[in-house]
Amino acid sequence: MSSFSDSASSALQLITSLDAGLLTIVGRSLSVSATACAIACGLGLILGAWLGVTRFAGRGAVLTLLNTFLAVPSVVVGLVIYLLLSRTGPLGYLGWLFSFKAMVMAQAVLVLPVVTALTRQAVQDAEYLHGEQLQSLGARPLVRSLLLAWDERYALLTVVIASFGRAVSEVGAVMIVGGNIDGFTRVMTTAIALETSKGDLPLALGLGLILLSVVLLLNVLIALLRRWRERSENDAASVRQLAAPAAVRESVAVTHGVSL
């Protein structure tokens with residue numbers, strides 16, 4: 001117990017003193033995850049919205065493959081990216097292996113199926129509710145997908161936040177393609193694994209507390225966003241209910257030729 005309390009005390013001291021090594025690792029980890037999430041969301045939101053509206057031969061097989069990618073282990077993704085970026089691989093000429101770019105690429109590949117699948121489900125549900133109305137107005141599938149995605153923008157913002165949480169907590173793929181090089185490719189998750197194996201528990205625990213705080217903050221943001229959206233929808237429904245009697249009275253007055 002004393003060992004744990006000593007490690008926790010040292011970890012808090014590292015955090016409160018803004019230790020340079022700790023802050024460097026945290027900054028690099030957040031940069032990698034934010035860049036990967038931006039790339040994956042940019043592609044996944046568009047692709048998912050399109051899949052939620054468009055119907056084509058083989059769509060079921062595509063969705064099955066997409067759902068399969070959701071369960072692919074991160075180490076497998078890391079292995080594939082490693083083979084692609086190795087000297088003998090098709091992308092070896094880029095020289096990205098064991099670099100910031102390789103870690104971004106691995107995390108983007110991991111997050112892309114998550115963003116695409118969740119976006120597809122949200123837009124498809126909206127399509128069932130409003131798709132026929134948009135189609136009757138002449139909106140083609142691409143236009144409908146964009147309009148429905150905008151209509152579901154608050155739900156998709158939750159998808160973006162969740163995808164960042166998935167990226168920042170990943171360890172297997174970035175360990176393989178990044179190499180966990182001190183000062184270059186060491187991020188929070190890989191540093192925790194390394195420092196724990198070395199016995200440097202204060203640094204590992206400090207990074208763990210920061211990572212836990214980031215994940216907790218993301219979940220709080222998702223909860224607040226959901227609550228704000230529900231409140232906005234309830235307020236909009238109340239306004240419609242208050243406006244309905246006035247509209248009915250005006251309609252009756254016009255029908256009977258009465259001026260309001």
K.L.:
Considering only heavy atoms from C-beta outward, does the side chain of Leu225 approach that of Leu221 to under 4.5 Å?
P.N.:
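When only atoms from C-beta onward are counted, Leu221 and Leu225 do not touch, as no gap falls below 4.5 Å.
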K.L.:
Mind jotting down which residue pairs meet the side-chain hydrogen bond (donor to acceptor under 3.5 Å, both in side chains) criterion with at least one end in residues 97-125? Sequence neighbours excluded, please.
P.N.:
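Every pair satisfying side-chain hydrogen bond (donor to acceptor under 3.5 Å, both in side chains) with a residue in residues 97-125: Ser33-Gln107, Arg59-Gln124, Arg120-Gln124, Gln121-Asp125, Gln124-Tyr128.
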K.L.:
So, taking the atom named OG in Ser74 and the one named CG in Leu79, what distance separates them when rounded to the nearest 0.5 Å?
P.N.:
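Answer for the OG-CG pair, Ser74 versus Leu79, is 11.5 Å.
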K.L.:
With sequence neighbours excluded, tell me which residues meet side-chain hydrogen bond (donor to acceptor under 3.5 Å, both in side chains) with Thr189.
P.N.:
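Scan of Thr189 (side-chain hydrogen bond (donor to acceptor under 3.5 Å, both in side chains), adjacent residues dropped) gives none.
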K.L.:
Could you give me the CA-CA distance, side-chain angles and deciding distance for Leu84 and Val80, then say whether side chain to side chain contact (heavy atoms under 4.5 Å, CB included) is met?
P.N.:
CA-CA 6 Å; Leu84 290 174; Val80 173; 4.2 Å; yes
K.L.:
Please list, one pair per line, the donor and acceptor atoms closer than 3.5 Å that link side chains of residues 203-210 to other protein atoms, with sequence neighbours excluded.
P.N.:
none

K.L.:
The criterion is ring pair (Phe, Tyr, Trp, His ring centres under 6.0 Å); which residues satisfy it with Tyr154, sequence neighbours excluded?
P.N.:
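By the ring pair (Phe, Tyr, Trp, His ring centres under 6.0 Å) rule, Tyr154 matches Trp228.
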K.L.:
Any chance you could measure Thr68, atom OG1, to Leu63, atom CG, to the nearest 0.5 Å?
P.N.:
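It is 10.5 Å, given to the nearest 0.5 Å.
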K.L.:
If I take atom CD1 from residue Ile192 and atom CD1 from residue Ile25, how far apart are they, to the nearest 0.5 angstrom?
P.N.:
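Here the rounded value is 9.5 Å.
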K.L.:
Keeping to residues at least two apart or across chains, list the side-chain hydrogen bond (donor to acceptor under 3.5 Å, both in side chains) pairs with something in residues 78-97.
P.N.:
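Sorted pair list comes back empty.
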K.L.:
In terms of hydrophobic clustering (I, L, V, M, F, W, Y; side-chain heavy atoms under 4.5 Å; direct or indirect links), are Leu97 and Val32 co-clustered?
P.N.:
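They do share one cluster, since a chain of ILVMFWY contacts under 4.5 Å joins Leu97 to Val32.
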K.L.:
Provide the closest heavy-atom pair for Ala40 versus Ala108 in the form atom of the first, atom of the second, distance.
P.N.:
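That would be CB-O, 3.7 Å.
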K.L.:
List for me each residue that meets side-chain hydrogen bond (donor to acceptor under 3.5 Å, both in side chains) alongside Arg28, sequence neighbours excluded, and say none if there are none.
P.N.:
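Residues passing side-chain hydrogen bond (donor to acceptor under 3.5 Å, both in side chains) with Arg28: none at all.
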K.L.:
When hydrophobic residues are tied together by side-chain contacts of less than 4.5 Å, even through go-betweens, does Val177 share a cluster with Ile181?
P.N.:
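Same hydrophobic cluster.
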K.L.:
Ignoring hydrogens and angles, write down the donor-acceptor pairs under 3.5 Å from the side chains of residues 12-20, residues two or more places apart or on other chains.
P.N.:
| from | atom 1 | to | atom 2 | distance (Å) |
| --- | --- | --- | --- | --- |
| Thr16 | OG1 | Leu12 | O | 2.8 |
| Thr16 | OG1 | Gln13 | O | 3.2 |
| Ser17 | OG | Gln13 | O | 2.6 |
| Ser17 | OG | Leu14 | O | 3.3 |
| Asp19 | OD2 | Gly21 | N | 3.2 |
| Asp19 | OD2 | Leu22 | N | 3.1 |

K.L.:
With a cutoff of under 4.5 Å between side-chain heavy atoms, which Ile, Leu, Val, Met, Phe, Trp and Tyr residues group with Leu216?
P.N.:
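Cluster partners of Leu216: Val220, Leu224.
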K.L.:
Check whether any side-chain heavy atom of Thr185 lies under 4.5 Å from a side-chain heavy atom of Val174, and answer yes or no.
P.N.:
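Sidechains of Val174 and Thr185: no contact.
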K.L.:
Is Leu156 isolated, or which residues cluster with it under the ILVMFWY side-chain rule of less than 4.5 Å, directly or via members?
P.N.:
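Leu156 shares its hydrophobic cluster with Leu45, Leu70, Val111, Val114, Val115, Leu118, Val159, Val160.
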K.L.:
For a quick test of reading the model, state the closest non-hydrogen atom pair linking Ile81 to Ala102 and the distance between them.
P.N.:
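Here Ile81 and Ala102 meet closest at CG2-O, 4.5 Å.
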K.L.:
Under a 4.5 Å cut-off applied to non-hydrogen side-chain atoms, are Phe164 and Val214 in contact?
P.N.:
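When only atoms from C-beta onward are counted, Val214 and Phe164 do touch, with a gap below 4.5 Å.
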K.L.:
Has Phe69 got more than 12 heavy atoms of other residues, nucleotides or ligands less than 6.0 Å from its CZ?
P.N.:
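No - once you tally the heavy atoms of other residues, nucleotides and ligands closer than 6.0 Å, there are 12 at most.
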K.L.:
Do you reckon Leu142 sits in the same ILVMFWY cluster as Ile46, going by side-chain contacts under 4.5 Å, direct or chained?
P.N.:
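No; tracing contacts between hydrophobic side chains, which count when under 4.5 Å, never links both residues.
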K.L.:
Quick one: do Leu94 and Phe184 end up in the same hydrophobic cluster if we chain Ile, Leu, Val, Met, Phe, Trp and Tyr together by side-chain heavy atoms under 4.5 Å apart?
P.N.:
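In one cluster with Leu94: Phe184, yes.
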K.L.:
Taking only residues at least two apart or on different chains, which pairs with a member in residues 174-183 satisfy salt bridge (charged side-chain N to carboxylate O under 4.0 Å, His left out)?
P.N.:
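Listed once each, the pairs are Asp182-Arg186.
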K.L.:
I need the minimum non-hydrogen distance between Gly78 and Ile176, along with the two atoms involved.
P.N.:
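Closest approach of Gly78 to Ile176, heavy atoms only: O-CG2, 3.7 Å.
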K.L.:
Under the salt bridge (charged side-chain N to carboxylate O under 4.0 Å, His left out) rule, what pairs show up with a residue in residues 140-161, not counting sequence neighbours?
P.N.:
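The answer is Glu127-Arg144, Glu152-Arg229.
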K.L.:
Looking only at heavy atoms, which two atoms of Pro202 and Ala11 are closest? And how far apart?
P.N.:
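Shortest heavy-atom contact: O-CB, 3.3 Å.
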K.L.:
When hydrophobic residues are tied together by side-chain contacts of less than 4.5 Å, even through go-betweens, does Val168 share a cluster with Leu110?
P.N.:
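Different clusters.
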K.L.:
Does anything in residues 190-203 form a side-chain hydrogen bond (donor to acceptor under 3.5 Å, both in side chains)? List the pairs, not counting sequence neighbours.
P.N.:
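Matches after skipping sequence neighbours: Asn180-Thr190.
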